[in-house]
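Notes for the one structure printed next.
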Protein chains: 4
Amino acid sequence: MDERQIGSLRFQLDLSQPIYEQILQQMSSAVVRGEIALGEKIPSVRELAQALKVTPNTVMHAYQEMERSGLTETRRGQGTFITSSRERVEQFRSELADEVIDAFLQRMMALGYSLADIRKLLERRQGGGSR
Amino acid sequence: MDERQIGSLRFQLDLSQPIYEQILQQMSSAVVRGEIALGEKIPSVRELAQALKVTPNTVMHAYQEMERSGLTETRRGQGTFITSSRERVEQFRSELADEVIDAFLQRMMALGYSLADIRKLLERRQGGGSR
Amino acid sequence: MDERQIGSLRFQLDLSQPIYEQILQQMSSAVVRGEIALGEKIPSVRELAQALKVTPNTVMHAYQEMERSGLTETRRGQGTFITSSRERVEQFRSELADEVIDAFLQRMMALGYSLADIRKLLERRQGGGSR
Amino acid sequence: MDERQIGSLRFQLDLSQPIYEQILQQMSSAVVRGEIALGEKIPSVRELAQALKVTPNTVMHAYQEMERSGLTETRRGQGTFITSSRERVEQFRSELADEVIDAFLQRMMALGYSLADIRKLLERRQGGGSR
DNA sequence: GTGGTCTAGACCACG
DNA sequence: GTGGTCTAGACCACA
């Protein structure tokens, strides 16, 4: 598990998932959590690629996906910027959360856990406080 | 989204994931939910392959992964059977659930949701009805 | 790991190897260790198959291999008998041991263990007395 | 018995065992003996397949088993690499040796050889020179 | 009949 | 270029 810092951003990459997806997820999460301000510039493809020791192609892939989801805008010759629309970020966040929750519930129910079971399992986790 | 039935088993396959993984997941889920009895024979590689319209290789891949996880035993020349150890199935189920929950919580927290937030979102889903 | 007794013979069958090979090995070992007397009759194919809950084909396969190696003789209408030649049994035993030792040394040396290393590892095992 | 060289690696393949298993064993042995350095890249699936005149699938099968045992890591789009953990390799080696020794002793004792007998037979072999 | 190995070749995602 | 999945089919050992 490799961990790298660039500016205020921290990235943890491993081999279990496509690297571009990990960059995508971790960058999106940082935006959504407010760790990168609205309208702010994010590192250039080359810069980030170098910092993460990854080929520029990989970073580019992640950036393109972010742009497609409306989270970033590319300004010719200036670089890539987080959208300045708080609304859009919020929408992105809640839609993503919805998908994540859906997938989670579907998976758990496929394993035979009822909604009540799931609630219990989650409470146990919250009470335990480990992790 | 293709849906096929074989015996009491129902399979839904799509192109979003490797087919063998979908077979693996759906078969494991069926076992874990008790839809296939302990020690029971599951469809032969060829039989399931034909029913799902995939090559025997693909089904075999799934079956070998199931065996690796201890969920099935293969008896040469006879077929593939669910393990007769209830304990092993239970362990498989709870370990898998643990992983699913971990991944879920990690993902949600990366999006800036607190445990309390997550609980609220889930309750809203539960109140809203099944889906 | 299934364990079955028939007459003075004990068999342990599992799924890790071909069943006919396990029968072959365990029967041969019993002969070689003197647990079955020279010239003695061994169980009929059907009898053993029934006792081991295995198809007669499987037992037959094992018996044919034993006959091929000269350890048994089939007398028409009477059944299968251990050879009465002590010499032949002894030769079988030492040839087999030679092969087993060869394979063992070759495997260990492929893992980078010298003959001295191997001796040490074996002594440790003998001293420990566990197992 | 076919013998092929690729880089510093030598492979001997025959028909007595599954090819993928022979690749697995011989590659693992090479790693364990230090013939491939920790963290080093091993031949690509296609490269080795071509050198050994087998299909890429067969090599892949072997590589996936190696990864499962923790001996290698695969980096998407880059290739397959020996783990850089010396510890893991050592553990793999000693566990494997243990299994080999166990199986050997069990087999010999089934043939009626005592530990003392086995020691004698081995010493005779060692005195006699290398094979 | 069963699982398992293998071939020959295609196509994909990733870097 | 890399690993990985999949197809379509053959052939084998085993029960």
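Sequence lines set the chain letters: A, B, ... in the order given, protein chains first and strands last, and positions in each chain run from 1.
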Exercise. Determine, step by step, whether C/T80 and C/E73 satisfy the side chain to side chain donor-acceptor pair (under 3.5 Å) criterion, reporting the C-alpha distance in whole Å, the side-chain angles of both residues, the deciding distance to 0.1 Å, and the verdict.
Key: CA-CA 6 Å; C/T80 305; C/E73 292 165 5; over 6 Å; no
Whole-Å distance between [N] [atom2] and [X] [atom1]?
X: A/Y63; N: E/dC14; atom1: OH; atom2: P; result: 18 Å
X: C/L15; N: F/dA13; atom1: CG; atom2: C1'; result: 16 Å
X: B/Q50; N: F/dG9; atom1: CD; atom2: P; result: 13 Å

Quiz item: Does OP1 or OP2 of E/dG1 have a side-chain N or O of B/S44 closer than 4.0 Å?
Solution: no
Practice problem: Give a yes/no answer on whether the side chain of D/T55 brings an N or O atom under 4.0 Å of OP1 or OP2 in E/dT7. | Solution: yes
Exercise. Please check if atom CZ in D/R33 has more than 12 non-hydrogen atoms from other residues, nucleotides or ligands closer than 6.0 Å.
Key: yes
Quiz item: Contacts to DNA chain E from residues 69-80 of chain B, heavy-atom cutoff under 4.0 Å, which residues?
Solution: B/T74, B/G77, B/Q78, B/G79, B/T80
Quiz item: Any chance the side chains of B/E3 and B/Q12 put a donor and an acceptor closer than 3.5 Å?
Solution: yes
Quiz prompt | Side-chain H-bond candidate by donor/acceptor type, B/E95 with B/Q91, under 3.5 Å | solution = yes
Quiz item: Taking the side chain of C/H61 as heavy atoms from C-beta outward, which of E/dG15, F/dC14, E/dT7 is closest to it?
Solution: F/dC14
Exercise. Would you kindly compare D/K41 and B/Q17 by the position of their nearest DNA chain F nucleotide and give the one closer to the 5′ end?
Key: D/K41
Practice problem: Using the closest heavy atom to pick a nucleotide of DNA chain F for each, name whichever of B/R46 or B/Y20 lands nearer the 5' end. | Solution: B/Y20
Quiz item: Given Watson-Crick or G-U pairs with both distances under 3.5 Å, what dot-bracket string fits DNA chain F, with | for other-strand pairs and [ ] for crossing?
Solution: ||||||||||||||.
Self-check item: Sugar-phosphate, base or nothing in reach of B/V54, heavy atoms under 4.0 Å
Solution: sugar-phosphate
Self-check item: Test: B/E99 and A/R107 ion pair at under 4.0 Å
Solution: no
